[in-house]
Amino acid sequence: MPYYNDEIFHTLALTRLGFFHIAEMRLLLDKAGSAKALFDFRADIRQILPECNMNIVNAFRNCDEALRRAEVELQFIEKHRIKCFTINDADYPQRLAECDDAPLVLFYLGSADLNKRHTVSVVGTRRCSVYGKDVTERFIGELKELCPDTLVVSGLAYGIDGAAHKKALQEGLETVGVLAHGLDTLYPAAHRNMAKKMVGQGGLLTEYFQQTRADRMNFLRRNRIVAGLTDATVIIESAYKGGSLSTARIANEYNRDVFAVPGRIGDQYSEGCNTLIAKNKAQIFINALDFVQAMGWNSEQTLQKARNEGIQTSLFPSLSPEEQRIVNVLKSNNDLQINTLSVQSQTPIAQLSSLLFDLEMEGIVKALPGGIYHLVGL
């Protein structure tokens with residue numbers, strides 16, 4: 001008895017035929033009622049849709065290779081117990097199904113419910129700064145406190161994506177990585193161990209068959225899934241023409257909420273976010289509390305409690321007056337060289353070095369090259 005049914009087999013073949021004509025294939029699928037019914041009319045598909053594109057008509061007439069490739073893929077997913085969701089399945093992510101260009105089929109290795117009540121995409125540049133990484137970690141840490149059932153979605157890339165997945169795993173949040181290739185490989189390979197953890201605490205999702213290379217165009221197509229899976233997309237850092245901006249554009253087209261983290265004017269990897277905000281393509285992101293409130297994700301009672309207690313208080317626990325003075329200086333003007341910090345905090349260098357060491361051990365500050373100190377979370 002095969003693990004998957006005929007409908008999945010024929011949807012796999014349909015995907016091979018209409019990979020670049022998804023919207024029209026969905027229209028055909030709706031009219032026929034099933035993928036199998038479409039193949040019953042493959043000799044003249046215009047019996048179902050008279051105005052059907054001639055390229056698709058010819059594709060159905062010459063579908064032997066698509067059917068053969070579907071059989072190979074079916075054997076692969078059965079062997080590896082990969083979940084296969086077709087567009088009309090109950091387990092298919094319903095937010096994504098609302099999008100005209102949603103994949104006809106998705107391959108999934110994971111445990112998370114893709115239809116969770118709270119889902120957010122967190123994306124950004126592969127070349128993130130310390131600032132970007134800090135904001136990512138702080139946002140997800142705060143989300144855990146406010147909405148512990150949130151599903152965090154990203155693209156498993158270096159930089160912001162990887163930081164988002166890693167922090168979600170640390171906080172016990174489920175996290176899903178959307179891939180630009182098949183489930184027979186993993187890119188980047190450096191994230192393999194993290195990906196294995198994600199399978200048990202989230203998952204890996206793709207529209208691509210096995211033996212699909214991670215080409216540039218695949219990453220751009222992947223971005224529509226990242227945007228479509230969730231109610232909101234948060235852009236942490238992006239260059240003026242960064243790939244994350246395509247995710248923001250698609251999310252806007254899907255009428256989803258978009259947030260962007262502001263950065264200093266002139267910073268290369270903040271230009272994209274600043275432009276989104278300036279052109280009203282994204283709401284300004286301040287913190288998780290404002291984000292949750294904007295999304296209407298939590299009860300007013302919980303939000304008020306967070307406001308009263310101060311969600312950020314745990315970042316700076318039990319500081320001595322001297323340590324608090326250093327933190328206050330860095331809050332006003334972050335990333336200071338130790339000599340400048342000594343002057344502004346009115347702390348002798350010898351004492352300051354000792355205090356900074358203690359703050360670094362507590363994870364409150366980070367030492368950067370050149371004797372510069374950075375306050376985590378700013």
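One-based numbering along the sequence shown. These numbers come from the heavy atoms of this one structure, side chains and all, not from hydrogens, waters or symmetry mates.
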Peer 1: With rounding to the nearest 0.5 Å, note down the distance linking CD1 in I225 to SG in C99.
Peer 2: 10.0 Å

Peer 1: CG/N333 to CG/L330 distance, rounded to the nearest 0.5 angstrom?
Peer 2: 8.5 Å

Peer 1: Go through the structure and list residues passing side chain to side chain donor-acceptor pair (under 3.5 Å) with H118, not counting sequence neighbours.
Peer 2: D149

Peer 1: Supply the atom-to-atom distance Q210 CD to D184 CG, rounded to the nearest 0.5 angstrom.
Peer 2: 5.5 Å

Peer 1: Tell me which pairs pass side chain to side chain donor-acceptor pair (under 3.5 Å) where either residue lies in residues 335-347, with sequence neighbours left out.
Peer 2: D335-H374, Q337-N339, S345-T347

Peer 1: Using side chain to side chain contact (heavy atoms under 4.5 Å, CB included), reason through H191 and H165 one step at a time and then give a plain yes or no.
Peer 2: CA-CA 10 Å; H191 286 169; H165 292 307; over 6 Å; no

Peer 1: Show which side-chain atoms of residues 13-22 pair as donor or acceptor with protein atoms under 3.5 Å away, not counting sequence neighbours.
Peer 2:
from : atom 1 : to  : atom 2 : distance (Å)
T15  : OG1    : T11 : O      : 2.9

Peer 1: Can you check whether Q351's main-chain N or O pairs, donor with acceptor, with S354's side chain at less than 3.5 Å?
Peer 2: no

Peer 1: Without swapping roles, check the side chain of T212 against the backbone of F209 for a donor-acceptor pair under 3.5 Å.
Peer 2: yes

Peer 1: Taking all non-hydrogen atoms of both residues into account, name the closest pair between S244 and I235 and its distance.
Peer 2: O-CD1, 3.7 Å

Peer 1: What are the two closest non-hydrogen atoms of E7 and S34, and how far apart are they?
Peer 2: OE1-CB, 3.4 Å

Peer 1: Specify whether F285 and F259 have parallel, tilted or perpendicular ring planes, treating 30° as the upper limit for parallel and 60° as the lower limit for perpendicular.
Peer 2: perpendicular

Peer 1: E98: what forms a salt bridge (Lys or Arg N to Asp or Glu O under 4.0 Å) with it, not counting sequence neighbours?
Peer 2: R256

Peer 1: For D161 and G155, indicate whether the former's side chain and the latter's backbone hold a donor-acceptor pair under 3.5 Å.
Peer 2: yes

Peer 1: Donor-acceptor pair, distance only, cut-off 3.5 Å: does the side chain of E73 make one with the backbone of L12?
Peer 2: no

Peer 1: For T86 and Y92, which heavy atoms make the closest approach, and how far apart are they?
Peer 2: O-CD1, 3.3 Å

Peer 1: Got a donor-acceptor contact below 3.5 angstrom from the N287 side chain to the L289 backbone?
Peer 2: yes

Peer 1: Is R222 close enough and on-axis enough to Y187, meaning under 6.0 Å and within 45°, for cation-pi?
Peer 2: no

Peer 1: Ignoring hydrogens, what is the shortest heavy-atom contact between L143 and A288? Give both atom names and the distance.
Peer 2: N-CB, 4.1 Å

Peer 1: Check step by step if side chain to side chain contact (heavy atoms under 4.5 Å, CB included) holds for E323 and D358.
Peer 2: CA-CA 9 Å; E323 290 171 334; D358 291 339; 3.9 Å; yes

Peer 1: Is it true that, when you exclude R46 itself, more than 12 heavy atoms of the residues, nucleotides or ligands shown sit nearer than 6.0 Å to its CZ?
Peer 2: yes

Peer 1: Main chain of H181, side chain of T206: is a donor-acceptor contact present, judged purely on distance under 3.5 Å?
Peer 2: yes

Peer 1: Could you tell me whether the side chain of T119 and the main chain of L151 form a donor-acceptor pair under 3.5 Å?
Peer 2: no

Peer 1: Please list, one pair per line, the donor and acceptor atoms closer than 3.5 Å that link side chains of residues 47-59 to other protein atoms, with sequence neighbours excluded.
Peer 2:
from : atom 1 : to  : atom 2 : distance (Å)
N53  : OD1    : N55 : N      : 2.6
N58  : ND2    : M54 : O      : 3.3

Peer 1: Tell me every residue that passes side chain to side chain contact (heavy atoms under 4.5 Å, CB included) with K167, counting only those two or more places apart in sequence or in another chain.
Peer 2: E137, I140, Q170, E171

Peer 1: Nearest heavy-atom pair of V176 and M198: which atoms, and what distance?
Peer 2: C-CE, 3.9 Å

Peer 1: Mind checking side chain to side chain donor-acceptor pair (under 3.5 Å) for E65 and listing every partner two or more places apart, or none if nothing turns up?
Peer 2: R68

Peer 1: Who passes side chain to side chain donor-acceptor pair (under 3.5 Å) against Q75, sequence neighbours left out?
Peer 2: E71

Peer 1: Counting distance only, does the side-chain N/O of Q201 pair as donor-acceptor with the main-chain N or O of L173 below 3.5 Å?
Peer 2: yes

Peer 1: What pairs meet the side chain to side chain donor-acceptor pair (under 3.5 Å) rule with one or both residues in residues 267-285, with sequence neighbours excluded?
Peer 2: D257-Q283, R264-D267

Peer 1: Give, for atom OG1 of T185 and atom OH of Y208, the distance between the pair rounded to the nearest 0.5 Å.
Peer 2: 14.5 Å

Peer 1: Partners of K197 by salt bridge (Lys or Arg N to Asp or Glu O under 4.0 Å), sequence neighbours excluded?
Peer 2: none

Peer 1: The test is side chain to side chain contact (heavy atoms under 4.5 Å, CB included); show your working for L319 and I364 and say whether it passes.
Peer 2: CA-CA 10 Å; L319 298 181; I364 296 172; 3.6 Å; yes

Peer 1: Tell me every residue that passes salt bridge (Lys or Arg N to Asp or Glu O under 4.0 Å) with R325, counting only those two or more places apart in sequence or in another chain.
Peer 2: none

Peer 1: Which heavy-atom pair separates P148 from E145 by the least distance, and what is that distance?
Peer 2: CD-O, 4.4 Å

Peer 1: Please determine if R26 and D100 form a salt bridge, counting it only when a charged side-chain N lies under 4.0 Å from a carboxylate O.
Peer 2: no

Peer 1: Would the number of heavy atoms belonging to other residues, nucleotides or ligands and lying under 6.0 Å from CZ of R61 be above 12?
Peer 2: yes

Peer 1: Return each pair, listed once, that meets ring pair (Phe, Tyr, Trp, His ring centres under 6.0 Å) where at least one residue sits in residues 31-59; pairs must be two or more places apart or across chains.
Peer 2: H10-F39, F39-F60

Peer 1: Hey, could you give me the CG/CZ distance between L229 and R224, rounded to the nearest 0.5 Å?
Peer 2: 10.5 Å

Peer 1: Measure the spacing between CG of L179 and CG of L156 and express it to the nearest 0.5 Å.
Peer 2: 6.0 Å

Peer 1: Is there a side chain to side chain contact (heavy atoms under 4.5 Å, CB included) between I326 and V365 once you walk through the steps?
Peer 2: CA-CA 10 Å; I326 295 168; V365 302; 5.6 Å; no

